[in-house]
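Down below is the structure, laid out as structure tokens.
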Amino acid sequence: MNNEKILISFPDGSQKFFPKESTLEDMAQFISPSLKKKSVVGKVNGKVFDMKRPIDSDCEIELLPLNSPEGIEVMRHTATHILAQAVKRLFGKVNLGIGPIIESGFYYDVDTDQNITKGDLVTIEKEMNRIVAENLPIQREVVSQDEAEKIFSKDPLKLELLRKIPAEEEVTIYKQGEFIDLCRGPHLPSTHLVKAFALTNVSGAYWQGNSDNKMLQRIYGVAFSSKKELDQYFYLLEEAKKRDHRRLGKQLDLFMFSDEAPGMPFYLANGQIIRNELETFLRNLQDSFNYREVKTPLMMNQRLWEKSGHWNHYKDNMYFSEVDHQHFALKPMNCPGHMLIFKDKLRSYRDLPIRMAEFGQVHRHEFSGSLNGLLRVRSFCQDDAHIFVAPTQIEEEITSVLRLIDDVYRTFGFHYEVELSTRPEKSMGAISLWNQAEGALKEVLKKLGYDFRINEGDGAFYGPKIDIHIKDALNRSHQCATVQLDFQMPEKFDLEYINEQNEKVRPVVIHRAVFGSIDRFLGILIEHFGGAFPTWLAPVQVKVLPVSNDAHKGYTEEVTNRLKQEGIRVEHDDREEKLGYKIREAQMNKIPFILVLGDKEVREGNVNVRSYGEKKTREMTLEAFILSIKHSIENKEIRDTEYS
RNA sequence: GCUUCCAUAGCUCAGUGGUAGAGCACUUCCAUGGUAAGGAAGGGGUCGCCGGUUCAAAUCCGGCUGGAAGCUCCA
């Protein structure tokens with residue numbers, strides 16, 4: 001210890017000298033013992049520091065409690081060390097990979113001969129709790145590369161990580177009890193501050209995310225600053241499970257799957273109604289944006305795919321068939337078909353832009369392990385369109401596409417984020433063209449005032465793209481719409497139009513989809529609305545129930561027929577069952593409106609209306625009900641109950 | 001495709017080597033007039049498929065198919 005002093009500034013503006021090499025813990029202690037007790041980590045000039053890390057120069061500090069965002073992150077990080085320590089204690093010979101924090105928790109990748117199963121998680125958790133109870137102080141140490149290599153000489157994965165650390169960077173290790181880990185930190189001062197955690201899952205994960213590498217066992221956990229938040233987490237998980245589109249799809253008879261066609265959905269009558277509504281909605285909107293709808297074959301000669309470049313980039317994911325010694329492929333995309341339509345006749349600049357839309361069924365052979373209900377399938381319907389434009393029309397046309405997308409998403413109440421994806425490694429065409437295309441997209445987004453994120457290297461192989469991510473009712477993000485610029489396809493297919501100077505020139509193609517996949521979009525809608533669809537989408541919009549079949553059958557039939565005439569999807573439940581039974585069933589089927597008709601309604605020519613999710617009923621004339629429900633359907637009103 | 005787990009009645013699930021169970025749904029009968037389940041009886045399963053171990057397999061082992069959570073991939 002020397003006598004040098006450093007000047008420390010606190011958040012309230014006050015300042016004080018401390019001996020050099022003082023720690024945040026010392027400073028907290030100075031202010032008050034209770035602050036020291038509460039603080040688990042701190043910020044030094046905005047950077048998160050361990051409580052016990054010596055400070056050697058003047059700075060601004062801020063002390064943070066466990067329930068601060070930084071505190072929680074550091075706590076999760078410490079939790080993952082405790083996990084690794086527990087696994088080492090229990091399984092002996094274990095090599096550690098990486099153990100980062102993720103949303104709500106953490107994981108650690110471990111390499112061990114022993115197979116860790118979900119059942120082992122309980123045992124590991126117990127050991128973790130023991131380590132927490134042991135209240136092990138956590139110590140940070142700066143070491144040299146050489147020292148570190150000695151420490152981790154028996155840890156091949158750690159050595160690999162260590163050798164990737166640039167020479168100018170400090171190498172730090174963290175110790176708690178017998179456990180040492182290579183780690184950037186920071187960490188909590190002691191293991192007992194990890195309060196509320198649970199291990200959730202175990203799965204395989206490739207070392208360094210590369211499928212050529214060894215597969216490690218990844219143990220997942222969640223951790224929060226209080227037991228209450230942990231409980232809340234599991235509660236929300238339960239809620240999400242209740243909304244799972246696979247479960248609701250079964251419960252509401254929307255769709256099914258069969259072993260005879262893995263990854264390919266069968267739509268039941270109820271689900272097909274919703275799909276048709278979605279299609280009709282977009283078809284009408286596209287009409288107003290001057291699109292023309294086409295239909296191309298499901299299967300085309302393999303030659304076409306070789307020509308388009310899909311063969312090279314995508315053949316492993318395509319389905320093939322051989323008939324009459326000819327090789328055919330099921331289309332994985334609609335674009336080549338649309339290119340053929342464009343080429344079918346001579347085009348003039350006066351024809352542009354040509355907006356060619358198709359609800360096209362595509363087949364893609366996805367890995368069996370990635371299939372997931374309607375969200376990830378092997379056959380789906382794209383609301384695809386290809387817009388052929390002159391280069392000068394790009395900006396205007398993209399602007400109009402983004403307007404269309406906005407119209408659609410607003411209808412469902414989706415907020416969305418915009419992302420620009422640039423040239424991937426496996427790309428086609430000249431880099432200068434790519435740069436030009438990326439520049440054009442950026443320009444439009446800026447002009448429209450979108451706050452967009454750039455996703456380097458995530459573009460399609462033929463061009464950069466704008467992806468739209470929607471946020472659902474549980475605040476989960478889904479990529480749906482995409483707008484892609486393509487200079488390659490026109491080149492490959494030698495597309496031309498005649499310009500003002502009577503010269504043959506190349507058009508540019510804009511690919512775009514709004515729902516993306518109707519199947520996937522339906523899956524997202526099911527979860528977003530929890531199965532309680534807005535009236536315009538609901539498979540059954542009104543259920544008509546007589547108080548007594550004997551006395552009110554005539555009137556319920558009359559009302560049902562009247563609603564049918566008005567184009568409303570209505571069902572009449574005249575089974576010999578109690579009224580309460582029928583109401584329960586209608587509610588469980590999440591039908592927007594129940595009409596109960598008895599003596600009173602017959603006498604007054606009224607209907608008694610109960611909306612989904614509500615206990616209260618309203619009495620009104622049949623005509624008033626028709627007017628109101630038709631208004632709701634025409635305006636595609638969103639019921640507010642689905643956000644509750 | 002890879003790792004781990006799972007597959008029992010239409011659905012949700014119980015059943016750890018000795019003759020297949022529950023609730024809901026379904027069928028029949030009885031009852032039945034006002035906003036979330038009226039009562040009784042009955043039918044229904046080659047325990048995903050194929051093979052092995054065993055006197056005996058839903059149960060143990062192997063393969064296949066399908067599913068789940070991740071990883072990888074996603075034009």
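Proteins come first, then strands; the chains are lettered A, B, ... in the order of their sequence lines, and each starts at number 1.
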> Just how far, in rounded Å, is C1' of B:A69 from CG of A:L375?
Replying inline: 14 Å

> A:K241 has an atom NZ; how far is it from atom P of B:G67, in whole Å?
Replying inline: 19 Å

>> As a check on the pairing definition, encode RNA chain B in dot-bracket form, counting Watson-Crick and G-U wobble pairs whose two distances are under 3.5 Å, and using | for partners outside this strand.
In response: (((((((..((((....[..)))).(((((.......))))).....(((((..]....))))))))))))....

> Rounded to the Å, how far apart are A:D253 CG and B:A25 C1'?
Replying inline: 12 Å

> Between A:Q382 (CD) and B:C74 (C1'), how many Å, whole number?
Replying inline: 12 Å

> Which residue lies toward the 5' end of RNA chain B, A:G373 or A:P332, if each is placed at its nearest nucleotide?
Replying inline: A:G373

>> With no hydrogens and no angle check, just 3.5 Å: does a side-chain donor-acceptor pair link A:S379 and A:Q361?
In response: yes

Nucleotide N/O of nucleotides 70-73 of chain B paired with protein N/O under 3.5 Å:
| unit_1 | atom_1 | unit_2 | atom_2 | d |
| --- | --- | --- | --- | --- |
| B:G70 | O3' | A:Y220 | OH | 3.2 |
| B:G70 | O2' | A:S203 | OG | 2.7 |
| B:G70 | O2' | A:Y220 | OH | 2.7 |
| B:C71 | O4' | A:G204 | O | 3.3 |
| B:C71 | O2' | A:Y206 | N | 3.1 |

>> Centroid separation under 6.0 Å, is that true for the rings of A:F320 and A:W311?
In response: yes

> What does nucleotides 28-44 of chain B look like as a protein-contact string, B for base, S for sugar-phosphate only, - for none, at under 4.0 angstrom between heavy atoms?
Replying inline: ----BBBBBBS------

>> A:K315: which residues meet the salt bridge (charged side-chain N to carboxylate O under 4.0 Å, His left out) condition with it, sequence neighbours left out?
In response: none

>> Please enumerate all residues that pass salt bridge (charged side-chain N to carboxylate O under 4.0 Å, His left out) together with A:D574, with sequence neighbours excluded.
In response: A:K553

> Taking NE2 from A:H310 and C1' from B:C74, how many angstroms apart are they, rounded to a whole number?
Replying inline: 13 Å

>> For A:W207, is there any backbone N or O sitting under 3.5 Å from a side-chain donor or acceptor partner on A:N213?
In response: yes

> Can you tell me how far C1' of B:A69 sits from CD1 of A:I116, to the nearest Å?
Replying inline: 16 Å

> B:C60 and B:G18: how far apart are their P atoms, nearest whole angstrom?
Replying inline: 11 Å

> In whole Å, what separates the P atom of B:C61 from that of B:A25?
Replying inline: 37 Å

> With side chains defined as the heavy atoms from C-beta onward, is the minimum distance between A:C335 and A:F493 less than 4.5 Å?
Replying inline: no

> Is there a side-chain contact between A:I124 and A:L199 (heavy atoms, below 4.5 Å)?
Replying inline: yes

>> Under 6.0 Å between ring centres: does that hold for A:F197 and A:F224?
In response: no

> Taking atom C1' of B:C2 as reference, at what distance in whole Å does atom CG of A:N213 sit?
Replying inline: 13 Å

> On a whole-Å scale, what distance lies between the C1' atoms belonging to B:C50 and B:G66?
Replying inline: 15 Å

>> Can you check the distance between B:U28 and B:A36, where both ends of the measurement are the P atom (answer in whole Å)?
In response: 27 Å

> Would you say the side-chain atoms of A:E456 and A:T422 include a donor-acceptor pair closer than 3.5 Å?
Replying inline: yes

> Can you tell me how far P in B:A9 sits from the matching atom in B:G21, rounded to whole Å?
Replying inline: 14 Å

> How far, in whole Å, is B:U65 from B:G10 if one measures between their P atoms?
Replying inline: 24 Å

> Could you give the CZ-to-P distance, from A:R246 to B:U12, as a whole number of Å?
Replying inline: 12 Å

>> Under 4.0 Å between a side-chain nitrogen and a carboxylate oxygen: does that hold for A:D458 and A:K465?
In response: no

> In whole Å, what separates the C1' atom of B:G43 from that of B:G48?
Replying inline: 24 Å

> What distance, rounded to whole Å, do you find between the two C1' atoms, one in B:G23 and one in B:G63?
Replying inline: 36 Å

> Do any pairs count as a salt bridge (charged side-chain N to carboxylate O under 4.0 Å, His left out) and have a residue in residues 365-381 of chain A, sequence neighbours left out, and if so which ones?
Replying inline: A:E366-A:R376

>> Can a side-chain donor-acceptor contact be found between A:H338 and A:E358 if the only test is distance below 3.5 angstrom?
In response: yes

